[in-house]
Amino acid sequence: MEDKKEMLLSYIKANVAPVLVDFISGKDLNGAVVLPANIDVKELNGHYEEAEFVSPKWFNDITNTNEIKLLVIDKIDTISKEEQLKFCELLEYRKISTFELPKNCVIIVTANEINKDKISEEIFSLVARI
């Protein structure tokens with residue numbers, strides 16, 4: 001377990017790819033912005049207010065600081081493989097709709113159990129697994 005935590009810290013420092021882990025959850029990471037896997041697409045992507053497209057609330061929580069920010073997609077294995085695909089743009093391009101994540105944002109995807117039967121192959125291809 002200690003080795004996995006050290007490896008996670010090195011991935012966070014490098015911030016090269018989103019990280020998939022099964023030994024922590026969103027509640028274990030103080031100060032992280034946590035998106036539950038079952039988040040509604042409207043809350044994930046943003047919305048229109050009159051003629052203006054507005055970023056989602058969680059995005060504002062990430063961009064209001066210059067410090068390293070953790071974005072956690074929590075318990076991805078609790079939703080269907082098809083529903084997991086709503087996170088692909090975020091994981092692959094580090095953006096949602098027209099809003100790009102800042103470079104100081106690290107994405108962590110948590111699962112109860114890392115299992116190919118429960119996690120989409122496409123999601124697996126976009127993350128580093130610990």
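Any value given below was found using the heavy atoms of this structure, including those in side chains, with hydrogens, waters and symmetry copies removed. If you read the sequence from its start, that first residue is 1, and numbering goes on from there.
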Using every non-hydrogen atom in the two residues, find where [X] and [Y] come nearest and quote the distance to one decimal.
| X | Y | result |
| --- | --- | --- |
| Glu43 | Pro56 | O-CB, 3.2 Å |
| Lys81 | Lys116 | NZ-O, 3.2 Å |
| Glu100 | Phe59 | O-CZ, 3.2 Å |
| Ala111 | Leu20 | CB-CD1, 4.3 Å |

Do [X] and [Y] share a hydrophobic cluster, counting only Ile, Leu, Val, Met, Phe, Trp and Tyr and linking them when any side-chain heavy atoms are less than 4.5 Å apart?
| X | Y | answer |
| --- | --- | --- |
| Val19 | Ile119 | no |
| Ile107 | Leu29 | no |
| Ile73 | Tyr11 | no |
| Ile24 | Val33 | no |
| Ile76 | Ile39 | yes |

Do [X] side-chain atoms and [Y] backbone N/O form a donor-acceptor pair below 3.5 Å?
| X | Y | value |
| --- | --- | --- |
| Thr110 | Lys75 | yes |
| Gln84 | Ile79 | yes |
| Arg94 | Pro102 | yes |
| Glu122 | Leu85 | no |
| Asn104 | Lys69 | no |
| Asp77 | Asn112 | yes |

When you measure from the centre of the six-membered ring of Phe23, is the NZ or CZ of Lys5 closer than 6.0 Å and no more than 45° off the axis? no
Residue from Ile12, Val16, Leu8, Leu101 passing side-chain contact (heavy atoms from CB on, under 4.5 Å) with Val106: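 Among Ile12, Val16, Leu8, Leu101, the one that satisfies the side-chain contact (heavy atoms from CB on, under 4.5 Å) with Val106 is Ile12.
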Taking C-beta and beyond as the side chain, do Ile96 and Trp58 meet within less than 4.5 Å on heavy atoms? yes
Min side-chain heavy-atom separation Leu126-Cys88 under 4.5 Å: yes
Under 30°, 30 to 60°, or over 60°: which ring-plane class applies to Tyr48 and Phe53, parallel, tilted or perpendicular?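 Rings of Tyr48 and Phe53: perpendicular, as their planes differ by over 60°.
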Are the charged groups of Asp22 and Lys4 less than 4.0 angstrom apart, N to O? yes
Value for SG (Cys105) from CD (Glu67), rounded to nearest 0.5 Å, stands at 13.0 Å
Rounded distance (nearest 0.5 Å) linking atom CG of Leu44 with atom CG of Asn38: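 Going from CG on Leu44 over to CG on Asn38, the span is 11.5 Å.
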Answer yes or no: does atom NZ of Lys86 have more than 12 heavy-atom neighbours from other residues, nucleotides or ligands under 6.0 Å? yes
